[in-house]
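Here is how names work: the chains are called A, B, and so on, in the same order as the sequence lines, proteins then strands, and each is numbered from 1.
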Number of protein chains: 2
Amino acid sequence: MLTHTEENYIKTIYHLSGDANRDVSTNGISEVLKTKPASVTDMLRKLSEKSYIHYIKYQGVTLTKKGKKEALQIIRKHRLWEVFLVDKLKFHWDEVHEIAEQLEHIHSNLLISRLDEFLGNPAFDPHGDPIPDPQGEITIRKKYLLCDMAVGFNGVVVGMLETSPAFLQYLDRLNICPGAKISIKERIVFDGSLEILLQEDKQLVISYEVAKNLYVSD
Amino acid sequence: MLTHTEENYIKTIYHLSGDANRDVSTNGISEVLKTKPASVTDMLRKLSEKSYIHYIKYQGVTLTKKGKKEALQIIRKHRLWEVFLVDKLKFHWDEVHEIAEQLEHIHSNLLISRLDEFLGNPAFDPHGDPIPDPQGEITIRKKYLLCDMAVGFNGVVVGMLETSPAFLQYLDRLNICPGAKISIKERIVFDGSLEILLQEDKQLVISYEVAKNLYVSD
DNA sequence: ATATTTTTTTAGACTATTCTAAAATCTTAT
DNA sequence: ATAAGATTTTAGAATAGTCTAAAAAAATAT
Ligand SMILES: [Mn+2]
Ligand SMILES: [Mn+2]
Ligand SMILES: [Mn+2]
Ligand SMILES: [Mn+2]
């Protein structure tokens, strides 16, 4: 069974590696996990030993099949707990990450399948990210930046490009959150700002700067 | 902030120490936690250093005020999670302990207060044990062994003396679980067995052996 | 092609938790 | 009161994870 720490490394490698399974660097991992590169090297040797990663000195890492499977299970747990926190415990979607970071390490398959059922088998987490199924399969949903959509577009907010607290708080003030319905009424040519209809009832104008950082899907 | 391990030691000392705050022995702790006495001694020195316990070499341990407060918070979390698992995720009351053992270490006061609210501020866990309030206060509910009650008694199952799987499984088969309503209809003098009415609708006979291991409250 | 900079690894050390084996202390039974 | 037995502590070592400082390798810029 993996330790807390090993799980965090594997998850980080998955996130840095992306769909294309790109090589991940020692420094990259150390930045995300806030450890020193020397510590990362130690852990890489260990995870390689246990065959969770492909690792050749000085050449970067990728996950093995086994490692990727493990990563997807951790991500599944993380995102299911996030749904629980937001849907059931009324947390705001931008304050659940830290707690889910702890909950994702609870070991019990039965717990997770019961939680999944309790939540109604959600496909996406509160940030619009897909929740892997028990086999680790993920539904990929095409997403676009709102600024690239035409007048008349009709869809749903599925995430943000920029994730600074300042931006998230501003979105919150506008009542824009993942899952919110959006349609584009008009585009102001002068500054690229958009007149939108939110949740089919609120009309408002958002700047190009905002539209450039909002992912939507139809 | 306490580590996982320190929390387990403090909780164990609390449980062994009881209401009367009795001295707890090194061997006692080592048995519960399945570590060697030498490891316990090491941890006792550390917890004493951090003033969670009163510890004098060769003389046993008790919790300080600070230690007791900490213990009650951990127990509060443990029991609230147990309620969640049983009430919301449909776990059986005898299969939640191990998972709660992990969940009790999640650090977030906000999470616990939200969970408490979500569960309807329960006063007792699925095993009939009291849940400390946010200040660490516990409602003590007088409990008696069913075998000591008179014919005509009317109350609720609040726990078991014996906790072997064999006994719990048998109770399960009889549909007797914490929270179940019980009244005594008749006592058979010959063998001490009891004719009882369960949940106000099922009549059955239980042996003296069973009645001797069931805690009830009125 | 060589020098400089950046990245990565190694070497050695520290903290947390655990262990085994041996010594110290306490308890109990003559 | 003392010997035997049980409990507890110490000493020394292991593993997991982290760190700093220094060496090695790779990337980049003349
Ligand atoms: Mn984590
Ligand atoms: Mn998320
Ligand atoms: Mn625990
Ligand atoms: Mn319980």
Side-chain angles (χ1 to χ4, degrees), chain A residues 1-18 22-63 67 70-71 74 101-102 104-107, chain B residues 1-18 22-63 67 70-71 74 101-102 104-107:
Chain A
M1 190 133 64
L2 291 163
T3 65
H4 199 110
T5 313
E6 290 168 329
E7 288 187 346
N8 283 336
Y9 273 93
I10 287 173
K11 194 181 56 150
T12 300
I13 294 167
Y14 179 86
H15 280 134
L16 290 172
S17 196
R22 286 185 302 277
D23 270 13
V24 170
S25 73
T26 300
N27 274 4
I29 298 169
S30 94
E31 262 173 53
V32 174
L33 292 176
K34 291 162 199 321
T35 58
K36 299 294 163 181
S39 309
V40 175
T41 301
D42 286 342
M43 182 56 88
L44 293 183
R45 200 177 314 102
K46 190 165 72 143
L47 291 176
S48 177
E49 195 63 48
K50 297 191 181 184
S51 65
Y52 286 101
I53 59 174
H54 296 295
Y55 170 55
I56 303 168
K57 278 206 290 191
Y58 294 105
Q59 286 190 203
V61 232
T62 56
L63 290 173
E70 201 59 56
I74 302 163
E101 203 57 45
Q102 297 178 61
E104 71 189 358
H105 303 292
I106 304 292
H107 291 131
Chain B
M1 192 134 60
L2 290 163
T3 67
H4 199 109
T5 312
E6 290 169 328
E7 288 186 346
N8 283 336
Y9 273 93
I10 288 174
K11 192 180 58 150
T12 300
I13 295 167
Y14 179 87
H15 281 134
L16 291 172
S17 196
R22 285 185 303 278
D23 270 12
V24 170
S25 75
T26 300
N27 275 2
I29 297 168
S30 94
E31 263 172 54
V32 174
L33 292 177
K34 291 161 197 330
T35 58
K36 299 293 165 185
S39 308
V40 175
T41 301
D42 286 343
M43 183 56 89
L44 294 183
R45 200 176 315 102
K46 192 166 70 145
L47 291 176
S48 176
E49 194 63 47
K50 296 190 181 184
S51 65
Y52 287 101
I53 59 175
H54 296 296
Y55 171 55
I56 302 167
K57 278 208 287 189
Y58 293 104
Q59 286 190 202
V61 231
T62 56
L63 290 174
E70 200 60 54
I74 301 163
E101 205 55 46
Q102 296 178 61
E104 71 189 359
H105 303 291
I106 303 291
H107 292 130

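Between B:D23 and B:V61, the closest side-chain pair of non-hydrogen atoms is not below 4.5 Å. A 4.5 Å side-chain heavy-atom check between B:E7 and B:T3 finds every atom pair outside the cut-off.
Note on A:T41: a base of the nucleic acid sits closer than 4.0 angstrom, heavy atoms only.
Rounded to whole Å, atom P of C:dA16 lies 7 Å from atom NZ of B:K50. In this entry the distance linking CG of B:L44 with C1' of D:dT8 reads 10 Å, nearest Å. The CE atom of B:M43 sits 10 Å away from the P atom of C:dA16 (whole-angstrom rounding). Note: CE (A:M1) to C1' (D:dT15) measures 17 Å, nearest angstrom. Per the geometry, CD belonging to B:E49 stands 13 Å off P belonging to C:dT15, to the nearest Å. Straight-line distance from the CD atom of A:E31 to the C1' atom of C:dT7: 12 Å, rounded to whole Å.
Legend: side-chain hydrogen bond (donor to acceptor under 3.5 Å, both in side chains) pairs involving residues 49-63 of chain A, not counting sequence neighbours, sorted by first then second residue: A:E6-A:K50. The salt bridge (Lys or Arg N to Asp or Glu O under 4.0 Å) pairs that include a residue from residues 30-40 of chain B number zero, where partners must be two or more places apart or lie in different chains.
Considering only residues two or more places apart in sequence or on other chains, A:Q102 meets the side chain to side chain contact (heavy atoms under 4.5 Å, CB included) condition with B:I106, B:H107. Shown here are the side chain to side chain contact (heavy atoms under 4.5 Å, CB included) partners of B:S17, two or more places apart in sequence or in another chain: B:N21, B:V24. Here B:R22 pairs with B:A20 under the side chain to side chain contact (heavy atoms under 4.5 Å, CB included) rule; sequence neighbours left out. Residues forming a salt bridge (charged side-chain N to carboxylate O under 4.0 Å, His left out) with A:E104 (at least two apart in sequence, or on another chain): A:K11.
Contact check, B:T26 against D:dT9: a side-chain N or O comes under 4.0 Å of OP1 or OP2. Considering only side-chain N and O atoms, B:K57 lies nowhere under 4.0 angstrom from the phosphate OP1 or OP2 of C:dA24. Regarding contacts with the backbone of C:dT8, a side-chain N or O of A:N27 is found under 4.0 angstrom from either OP1 or OP2. Checking the phosphate oxygens (OP1, OP2) of C:dT10, a side-chain nitrogen or oxygen of A:R45 falls inside 4.0 Å.
Using a 4.0 Å cut-off on heavy atoms, the residues of residues 2-9 of chain B that approach DNA chain C are B:T3, B:T5, B:Y9, listed by number.
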Could you write out each protein N or O paired with an N or O of nucleotides 19-23 of chain D at a distance under 3.5 Å?
unit_1	atom_1	unit_2	atom_2	d
D:dC19	OP2	A:K36	N	2.8
D:dC19	OP2	A:S39	OG	2.8

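Judged by distance alone, with hydrogens and angles left aside, the side-chain atoms of A:S48 form no donor-acceptor pair with the main-chain N or O of A:R45 at under 3.5 Å.
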